[in-house]
There are 2 protein chains.
Amino acid sequence: MKGELTDGLSTGAVVFGTDESIADELAAFPLTGRFLMGRLRHSISARERQLLEELVVETRSVEAGAIMLHRGQLVDHSTILIDGYMMRTGQEGSRRFILGLQVPGDFVDLHGFALKRLDHDLVAAGPARVGIVPHERLEEVMQKEPHLARILWFATLLDAAIHREWIMKLEQLTAARRVAHVFAELWQRLDHVGLGRNDSVRTPLIQADLADMCGTTAIHMNRALAQLRKEGIGELRRGTLYVSDRRRLEEYGMFDSSYLYGRGGLAPGTALDPKGPA
Amino acid sequence: MKGELTDGLSTGAVVFGTDESIADELAAFPLTGRFLMGRLRHSISARERQLLEELVVETRSVEAGAIMLHRGQLVDHSTILIDGYMMRTGQEGSRRFILGLQVPGDFVDLHGFALKRLDHDLVAAGPARVGIVPHERLEEVMQKEPHLARILWFATLLDAAIHREWIMKLEQLTAARRVAHVFAELWQRLDHVGLGRNDSVRTPLIQADLADMCGTTAIHMNRALAQLRKEGIGELRRGTLYVSDRRRLEEYGMFDSSYLYGRGGLAPGTALDPKGPA
DNA sequence: CATGGAACTTGATCCAAATCAATTTATATC
DNA sequence: GATATAAATTGATTTGGATCAAGTTCCATG
């Protein structure tokens with residue numbers, strides 16, 4: 001139905017800037033290796049990573065466009081995205097909103113563990129592969145592995161931080177700058193998990209999806225993209241945004257990655273207070 | 001500087017619809033008695049409530065307009081709002097954004113426990129009183145009280161759910177409907193903690209604040225409020241919105257409280273799946 | 001009770017984006 | 001390779017809200 005990408009986007013995106021370490025990591029932990037990669041990794045012990053990998057009792061494929069999880073549904077397991085992309089979508093009458101985009105390594109409905117029912121749907125954008133983690137397993141982690149539990153908690157808070165950034169972007173940016181921000185964020189997040197390219201960003205999203213993420217209409221999104229093209233910021237063709245100057249894209253979208261809590265950002269133990277002490 | 005309310009808003013708001021139970025609750029747990037009141041309460045044991053109360057090692061007053069916590073600052077404790085209101089604010093150049101409003105009972109920077117640095121400021125809207133919970137105490141909860149830990153986690157996820165709702169509201173509503181939504185949400189949240197009135201909503205926010213919450217200018221917010229008045233939805237005068245028909249306010253703001261996970265909403269153990277099983 | 005500074009209100013002009021209405025290009029599929 | 005359908009594009013018109021520019025009301029304080 002939407003953005004089916006048969007050229008391997010969801011599985012084989014070229015990995016640029018790859019350390020040996022990333023490859024090693026994925027060899028050792030094929031299912032959860034990307035979880036929080038580029039963020040808190042230093043604070044997750046090898047034993048914990050192993051535990052994490054063993055939480056996954058099963059993997060499943062989700063076909064493009066499928067609603068993996070419905071709003072309000074009682075859940076007894078959470079899902080980690082191994083491959084592909086998923087969107088959180090909200091519905092309001094006939095209108096759909098995309099509340100967030102998840103990339104490989106994201107524990108897409110980890111908050112379902114504490115909430116038991118989500119307030120939004122989870123939809124695969126393109127074909128995806130996910131790992132299933134029963135809530136009983138998470139329960140055990142809470143009981144026996146408080147440090148790992150705190151890391152899981154941290155992961156859900158990252159989503160909240162992204163939501164806050166989106167609120168600010170929606171409030172101040174024009175449609176063209178909003179998409180630029182969306183792309184800059186996506187790129188950074190893909191970089192974190194070792195899936196970033198160096199001169200382009202792949203996305204399974206069509207213009208109508210981008211519109212639903214930016215709170216505009218598909219028609220206006222088309223014009224916004226035309227403007228990005230005209231201004232030489234980037235050009236979206238068939239699922240890929242080609243960018244010659246990444247800095248310009250980020251500036252145009254007023255993207256400042258600190259809210260993603262990557263290394264050097266607001267991540268615990270790194271970076272000094274940007275604003276000085278109270 | 002802003003919205004100083006000397007008439008006791010932050011301490012003495014009239015409690016309507018009060019059960020005996022609320023008064024009892026507050027007598028027993030004067031500091032944390034409102035935490036998650038009206039939401040998960042059935043699943044917090046008496047022992048846990050007592051533990052929670054004992055987490056607070058100190059209370060502090062925060063004066064109106066004071067920045068209690070700066071973005072990026074390393075934190076070693078979290079703060080529960082006992083009395084008054086606080087806002088999460090983001091800055092982007094000269095422009096300020098209000099990313100969320102906290103009411104009594106909210107654990108305003110509980111996410112600081114896992115994040116260690118916040119991506120936004122916390123500012124008192126009017127005079128406030130807060131309880132300090134050192135992170136070592138939360139650490140102990142993580143170690144010894146997994147069930148309580150999960151409840152704390154739940155509390156931070158509620159904020160994220162509110163963020164998501166705001167994203168949708170920003171994307172679809174006009175300024176007048178957005179404020180209506182803000183008021184409807186505030187009212188509902190005050191109801192949860194036993195502070196709701198029955199024909200009006202008090203707020204420490206001035207029109208400029210409401211504008212910063214709704215992503216408009218103060219000038220336009222003024223016109224939006226004029227429209228609410230004209231349409232008979234509600235009238236804001238000196239810190240109080242007078243409402244004759246609460247349903248109309250909620251409909252106008254397209255407010256559906258389920259995202260607040262109150263009883264009968266999406267709260268675990270209550271309400272059936274609104275969309276049927278997958 | 002005069003005065004200064006917030007907070008609020010009103011008016012006029014301009015622009016980003018919605019909306020209505022087609023049309024063109026891709027992408028599958030028979 | 002003809003045909004259907006999704007996706008992208010272009011044009012014209014309307015509108016919510018920004019912005020610039022004054023006012024006015026409220027309220028604390030000397």
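Naming: A, B, ... by sequence-line order, numbering from 1 per chain. Model, not experiment: these values are computed from the prediction.
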Take atom CD1 of Ile219(A) and atom P of dT15(D), then tell me their distance rounded to the nearest Å.
17 Å
Grab the CG-C1' distance between Leu236(B) and dT9(C) for me, whole Å please.
13 Å
Once you round it to whole Å, what is the distance between P of dC8(C) and CG of Leu205(B)?
10 Å
Would His70(A) and His120(A) count as a close aromatic pair, with their ring centres under 6.0 Å?
no
Could you tell me whether Thr216(B) contacts a base, only the sugar-phosphate backbone, or nothing, with contacts defined as non-hydrogen atoms closer than 4.0 Å?
sugar-phosphate
Would you say Asp109(B)'s side chain and Gly112(B)'s backbone share a donor-acceptor pair under 3.5 angstrom?
no
Which nucleotide sits closest to the side chain of Ile206(A): dT19(C), dA8(D), dA17(C)?
dA8(D)
Any side-chain heavy atom of Met68(B) within less than 4.5 Å of one from Val62(B)?
yes
Value in whole Å for how far the C1' atom of dG16(D) lies from CG of Leu170(B):
15 Å
Phosphate contact (dA16(C) OP1 or OP2) by Thr174(A) side-chain N/O below 4.0 Å:
no
When rounded to whole Å, the CG to P distance for the pair Leu210(B) and dA7(C) reads 12 Å
Rounded to whole angstrom units, what separation is found between the CZ atom of Arg177(B) and the P atom of dA18(C)?
16 Å
side-chain N/O Asn222(B) vs dT9(C) OP1/OP2, d < 4.0 Å
yes
Sorted by position of nearest nucleotide on DNA chain C, 5' first, the leading residue of Arg223(B) and Gln207(B) is Gln207(B)
Phosphate-side-chain proximity, Arg238(B) and dA6(C), N/O vs OP1/OP2 below 4.0 Å
no
Which residue lies more 5' along DNA chain C, comparing Leu225(B) with Arg178(A) via nearest heavy atoms
Leu225(B)
Distance in angstrom units between Gln172(A) CD and dA17(C) P, rounded:
13 Å
Before you tell me yes or no, could you show the steps for Thr240(B) and Arg202(B) under side chain to side chain donor-acceptor pair (under 3.5 Å), namely the whole-Å CA-CA distance, both residues' side-chain angles and the distance that decides it to 0.1 Å?
CA-CA 4 Å; Thr240(B) 303; Arg202(B) 294 238 54 194; 3.0 Å; yes
Establish, yes or no, whether the cationic atom of Arg164(B) lies under 6.0 Å from the six-membered ring centre of Tyr259(B) and within 45° of the ring axis.
no
Integer-rounded Å distance: dT10(C) C1' and Gln227(B) CD
16 Å
